[in-house]
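Quick notes on the structure that follows.
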Amino acid sequence: MDEKPSAAAELPKQYSPQGTEAKWHQYWESQGYFHAPPDAARKPYTIVIPPPNVTGALHLGHALNNTLQDILIRWRRMQGYAALWVPGTDHAGIATQAVVERRLLQEEGVSRHDLGREALVERIWAWKEEYERRILGQLKQMGCSCDWQRTRFTLDEGCARAVRHTFFRFFRDRLIYRGKRLVNWDTYLQTAVSDDEVFHEAVQGHFWHFRYPVVNPQPGEPDHVSIATTRPETMLGDTAVAVHPDPDAALDRVAEELQQKLASASAKERPALEAQQQELERRRKEVLPVLRQLRDMAAAGRKVRLPLAERDIPLVADEWAKPELGSGCVKITPAHDPNDYEVGLRQDLPMVNILRPDGTLNENAGKFAGLEIPAARKAVVQALDEGGYLLQVEDREIDLAHSDRSKTPIEPYLADQWFVKMDDLAQSAMDAVSDGRVSIVPSRYAKGYLDWLGEKRDWPVSRQLWWGHQIPVWYCPGASEVEIEKTFAKHDDVAWQWDEEGQQWLICALEDLPADAIPGYELRQDPDVLDTWFSSALWPHSTLGWPEKSEDLDFFYPTSTLITSRDIITLWVARMVLTGLYNVGDIPFHEVYIHPKILDGYGEGMSKSKGNGVDPVDVIEKFGADSLRFGLAYLTTETQDIRMPVEFECPHCQALLPQTKENRVLPRITCSKCGQDFGTQWSSKPEDRSLSRGAVVSERFELARNFCNKLWNASRFALLNLEGYESAPVKESSLAVEDRWLLSRLSTVAEGITQHWEEYKYADAARMLYGFAWDEFCSFYLEMVKSRLQDPQQRPVAQRVLATALDTLLRLLHPMLPFLTEEIWQRLGAAAPQRGLTAPAPAAESVMIAAWPAGELPARDEAIEQRFAHFQAALGAIREIRSRQNIPPKTQVRFLITTDAATADALSEMEPYFATMAAAEPIEWGANLQPAGLVASVALPGMDVHVDLTGLIDVASERSRNEKELARLQGLIRGKEAKLQNENFVKRAPADVVQKERDALAELNSQLTTVENALSKLAEVAS
RNA sequence: ACGCGAGUAGCUCAGCUGGUUAGAGCGCCACGUUUACACCGUGGAUGUCGGGGGUUCGAAUCCCUCCUCGCGUACCA
C-alpha cells in the first residue's frame, strides 16, 4: 500500500532546534506578535530592557537577564496584558570609546588625537552599528519577544532630546553646577571617572618616610617633622603639614576605645590588643610631647621647609592628623588626595596641581616637570635621599585605585566638572523605596540602595570624552547680563548663570546655539560629554516618548518590572528612580527584580578579559535556545549565584575540555582526545586564526537539552497517536482515572507556576514543570494511556484528553521554551485543530498568543491524587521486588496487597496498569489477607505489597534486604517512641502534631510486623 | 573593618514562616533494546545538613559564636 506519511511520522527521534528557531522567530515577527501598541481594552505590562553596552557581543550574563525578562513578557502576554518589552542598546560612553581607541592603536597605530574628534566619533558609530546588529541578533536568537519596532539607542534622537530637556531643567532649577573638584582622573583616557568606575586592587608598593625641616627652630623645638607617604612625588604639591589640634584628647579617646574592646575581647584577641595598649603608652611618653609642641607651633603660624620645591609651608592644626598613627604628622596635598582636599578647604590652603591631564608632571613640579609619575616617583625619592631627607622605606601592600576602563591607576586630580546636586533628588528616590512605591526583590538589596543614596554625594556628570551627549552649555566670558538678557529675552528654552570661579557666563539651551548668538561675542560649547548613566537614567521614560506628550508614556509608564543585576542598583536603578520622579513625576517601575550573577567554575565572575565568558550563541548552537533559556531559569534561585563550569568544545571531535585558569587565555589548545589543535578567542597570529575555533560551552545545559528532547518525544508519541482525532465534548463520566488525575495535576501545576512567576521564582517554576512533565505526564500518563489508544472504544476520549493535556502543557512551558512549544503547537494544530474538553474550540494560531491556563480545567481533586499516590507506591513496590529478585522483565509475576477496603477498591480499578507497567497481575487485594506460599514483601504506609515468588526466589538477597529494612524500621520506631514517651512533647506540642506522630508510629509498627513475618517465612524456607 | 550572601550526597544545587523516614539533576552500581525517547527505561547505593554553644517537647530550618569562601562598601599620611 502506498500510504501518505503523516506529519507525525516525519518527526525525527531527536529534537533538533537548529533551523526551527529562526523559522518561528520570523513567523512571530511577521504576525506582528511582538508589537504592543497602547490598548485601552487591556492592562499594560511593561519592561524596558537594561540596554546592553555596544562595547561588544552579549555573554551569558545578558542571556540570563534577557531570558528572565522574556519569560515574564511572554507569560503576561498570554495572560492578556498589553505586554510591551522595549529593546535597545547603550552607547556606554567611556567603555566604547576605550575599546575603539585601543583597537585603533593596536591595528592602525593611531591615537584619537591623530584622528580628531569627528573622525573618531565616526569610527565609534561604525563600531556601534556592527555590535548593535550583533546584539539584537543575539537577542532574537534567544527568542526575546521585544517590540523591535521600538528599538532604541541611548544616543538616538529621542534620547538626545530627553537628555537635553533634563539637563536644561536641572540647570534652570539650579540642580546642576560647574566647579573645580577633586576627581578620579584616568590619565590613559584623560577623563574624569566616577567613583563607581573605579576598582581597587592590591599592588606591592612602598611606604616612604621623609623629614621636612622646621623653619628657624627655637631651642627646645623639634628641628624637623617626619611624614610618610606611598606616593612621594605628590610632596611637590604639598601645601601644609597637619598635626592634631588636641593630641591629648585624641589619644585618650583611642585609649578608651581600646579599653572597651579589651573588656569584651576573647582570649585569642587579647595579646594583640594589649600590645596596642603598650604601644599607645609609649606614644604618650615619646610622641605626645612633640605633638603638643608642634600643635603650639601651628597655632603660632610656624612653617616647615618643603624640600626640593624649596617652599615654606605652614604647620596647621587639623583633626585629620591622627596622633595614634605614624609620626602623628601628615603632609597635606589638597590637589591630589581626597582627604587632603577636605583639609585644604577647611584650612583655606592653596591647592597646587602638579599633574597634566596625560599623567606627566607639570611646571609646578620644577625640575621634575615632564616626567611620568613612576619616573617622577623614583627621581623624587632619589633627590630626597641625596638631600638627606629620606628616613626609611618600608615594603607595603597598597590598595590602589584603578580605572575600570583603562585598567590604569587613578590619580586624584583637580578639574572643572559638572555635578548634579543630589540632596532632594536622592531623597525622593529613597522615599520611593522606603514607602514601598518601588519594591526591590529580594528585599535585602534595598539596604545598599538606601545607604548609597543616603550619602547624597553629588553626581559628577561630565566626562572628557568625545563619544556621548555633549554638554549643552555655552561659555561666554565677556558679555554683560544686559546683553545676554537682550539676546535671549524671548527664549524660554535658554537659561544662564554667572560662573564666579571661571568668570564667565554659562548659557544652557535646548537647541544648539551658534557661536555668534550674542552679537560681538563668541560662544564656545563645553567640549565634554555627559556620563553615560545620564542618558541611561532616563531610559524608562525617554524610550516611551518623553519629553513629548505621548500616548505610549501615558499608557505604559510607570513600567511594571525592571530586571537587572545587583552591581548597577546604585549606578542605574537609583538614578532612574530620581529622574523619573523629577521629569515625569512618577516612579519608573513598580518592582525591581535582582537576579543572580553568573560565575565560572572557580567562582569568578565572567568577563571578556578573563577569557571565561561564554557566548550564548555557542550554547544555542550546541544545545538550542530553549535549552539555554530553560537551563538559566532552572538555575535562577533567590540566593545563589550561578556557578557555571566552562568547557572548550573541540571542533574536530566534539570532546569537552574543562577550562582552567591557565588554558582559558591561550591562543591555541590541543585537544586531549583527538590531539588536534583548535583556536580560541585569544587567537591573533594568522597561524592560530586559521584553526577552527573551539566553542566555549557548559555542560550545565544538558539537563535542559534532555528535557527538551523528552518533551519532543512525548509530543511525538501524542502526534503519532492522534490519527483519526475528532473533537467533541467529553463527559466527566467517560474519563478514566488517569485522565482525572492528570487534569487535577495540571490544574495544580498551572496555579503553582502562575504563583511562581508572580514571585520571580524562576527555579521553582522550572523544577515544577520539569518534574511534572517528565515524571507525571511522561512516566505515568503516557504509559497508561497507551493501552487505551489501542482500544477503538476508548481511543476517542483518550485522544481528546491527550490533545487537551498536551495543549495545556505546551502553554505552561511556552514562556521558558518558546521555540519547541511553537513547533509542537503547530503540529498539534494540524493533528487536532479543535481542542478542549467541555467546549472544544479552535486552538490559537500560535502558542505565543494562546491564553495562559487558568481555571479552564477541572479543579484540583485531592481524592484522586491521593488514590493515585497509592497506585504509584504499589507499582513502585512491585518494581522494586522485581529488580532486587532479578526477575526478567518479561516474566509475569503475581502479587497480593493487604490494605483497607477503600484503598483496595481504588487499586483494583488500576488492575490493567499493573500488567502493562510492571508485568504483574493481582492475586487479591483487601484487608487482613495473609499471603500464602513464598513471597517477597514491601511494607508501605497503609499497605503491604507481596509478590509471589514461587520458583523465583533468591532467598539470600531477600533476607538481607528484609534485615536491613528491619533495622531501619526499628531505628525509626525507637525515635518515635522516645518522642512520644517524652511528657513534654505530649503536653506541649500541638495535638495534631502528637496525633501525627502516634499514627506514624502505628504505621511503622505495622510495617515492622510485615517485615518480621516475611523474615520468619524466609527462615522456614531456608531450613 | 563593616555589610550581604554561601558552606546540605563525589559534583552542581533545592529544602530554611521549626514537626516528612532530608530531596533533584549529573556522576556511580545493577538490570534492560517493552512499538515516544539510550539526550531513554526500571531499581539501587551514597548525607554526624561547616564547627561549637543556646532557645525549644522538637532545629538543616530560629539565636549567639567561631572557621572557610564569594561579593559589596569604606579606610589605609
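Just the heavy atoms: all of them, side chains too, but no hydrogens, waters or symmetry mates, feed the values below. Every chain is numbered from 1 and lettered A, B, ... according to where its sequence line falls, protein lines coming before strand lines.
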Using a heavy-atom cut-off of 4.0 Å across all strands, would you classify [X] as base, sugar-phosphate, or nothing?
| X | result |
| --- | --- |
| A:R566 | sugar-phosphate |
| A:T230 | sugar-phosphate |
| A:K447 | sugar-phosphate |
| A:C708 | nothing |
| A:D337 | nothing |
| A:Q790 | nothing |

**Item:** Reading 5' to 3' through nucleotides 7-18 of chain B, protein heavy-atom contacts under 4.0 Å coded B for base, S for sugar-phosphate only, - for none
**Value:** -----SSS----
**Message:** Return a single string for nucleotides 39-44 of chain B, one symbol per nucleotide in 5' to 3' order, where B is base contact, S is sugar-phosphate-only contact and - is none, cutoff 4.0 angstrom on heavy atoms.
**Reply:** BSSSSS
**Prompt:** RNA chain B in dot-bracket, Watson-Crick or G-U pairs under 3.5 Å, [ ] crossing, | other strand?
**Reply:** ((((((((.[[[[.)...(...]]]].(((((.......))))).....[[[[[..)....]]]]])))))))....
**Asked** Is the distance from OP1 or OP2 of B:rU35 to the nearest side-chain N or O of A:N721 less than 4.0 Å?
**Response**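 No, because none of the side-chain N or O atoms of A:N721 sits under 4.0 Å from OP1 or OP2 of B:rU35.
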**Message:** B:rA36, OP1 or OP2 - any side-chain N/O from A:K786 closer than 4.0 Å?
**Reply:**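 For B:rA36, OP1 or OP2 has a side-chain N or O of A:K786 closer than 4.0 Å.
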**Prompt:** How would you list, by chain and number, every residue that makes a salt bridge (Lys or Arg N to Asp or Glu O under 4.0 Å) with A:E233, sequence neighbours excluded?
**Reply:**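 Partners of A:E233 under the salt bridge (Lys or Arg N to Asp or Glu O under 4.0 Å) test: A:R377.
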When you compare [N] with [M], how far apart are their [atom1] atoms, in angstrom units rounded to a whole number?
| N | M | atom1 | answer |
| --- | --- | --- | --- |
| B:rU17 | B:rA30 | C1' | 43 Å |
| B:rU34 | B:rC29 | P | 23 Å |
| B:rC71 | B:rG10 | P | 26 Å |
| B:rA45 | B:rA1 | C1' | 48 Å |
| B:rC49 | B:rC39 | P | 37 Å |
| B:rG5 | B:rG44 | P | 38 Å |
| B:rU46 | B:rA9 | C1' | 6 Å |

**Request:** Could you tell me whether A:Y389 and A:F210 have their ring centroids closer than 6.0 angstrom?
**Result:**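 No: the rings miss the under 6.0 Å criterion.
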**Prompt:** Tell me, which pairs form a side-chain hydrogen bond (donor to acceptor under 3.5 Å, both in side chains) where one or both residues lie in residues 323-332 of chain A, sequence neighbours left out?
**Reply:**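 Checked against side-chain hydrogen bond (donor to acceptor under 3.5 Å, both in side chains) - neighbours excluded - the pairs reaching residues 323-332 of chain A are A:T234-A:K331, A:D238-A:K331, A:K331-A:T333.
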Report the residues that fulfil side-chain contact (heavy atoms from CB on, under 4.5 Å) with [X], sequence neighbours left out, ordered by chain and then residue number.
| X | answer |
| --- | --- |
| A:E394 | A:F207, A:H209, A:Q392 |
| A:T239 | A:R311, A:P334, A:L349, A:P350, A:V352 |
| A:E921 | A:R894 |
| A:P912 | none |

**Item:** Pairs touching residues 766-781 of chain A that satisfy salt bridge (Lys or Arg N to Asp or Glu O under 4.0 Å), sequence neighbours left out
**Value:**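 Sorted result for residues 766-781 of chain A: A:R745-A:E776.
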Would you give me the side-chain donor-acceptor pairs under 3.5 Å for residues 445-454 of chain A, sequence neighbours excluded?
unit_1 : atom_1 : unit_2 : atom_2 : d
A:Y445 : OH     : A:R566 : NE     : 3.4
A:K447 : NZ     : A:D451 : OD2    : 3.1
A:Y449 : OH     : A:A429 : O      : 2.8

**Message:** Measure CG/A:D567 against P/B:rC4 and give the value in whole Å, please.
**Reply:**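 In whole Å, B:rC4 P and A:D567 CG are 19 Å from each other.
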**Asked** Atom NZ of A:K13 to atom P of B:rA38: distance rounded to whole Å?
**Response**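 The distance from NZ of A:K13 to P of B:rA38 comes to 6 Å, rounded to the nearest Å.
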**Message:** Please pick, from B:rC76, B:rC37, B:rA74, the nucleotide with the shortest atom-to-atom distance to any side-chain atom of A:W320.
**Reply:**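 Nearest nucleotide to the side chain: B:rC76.
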**Asked** Is A:D337 salt-bridged to A:R231, cutoff N-O under 4.0 Å?
**Response**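 A salt bridge links A:D337 with A:R231.
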Close N or O pairs between protein and nucleotides 19-22 of chain B (under 3.5 Å):
unit_1 : atom_1 : unit_2 : atom_2 : d
B:rU21 : OP1    : A:K976 : NZ     : 2.8
B:rU21 : OP2    : A:K976 : NZ     : 2.9
B:rU21 : O2     : A:R968 : NH1    : 2.5

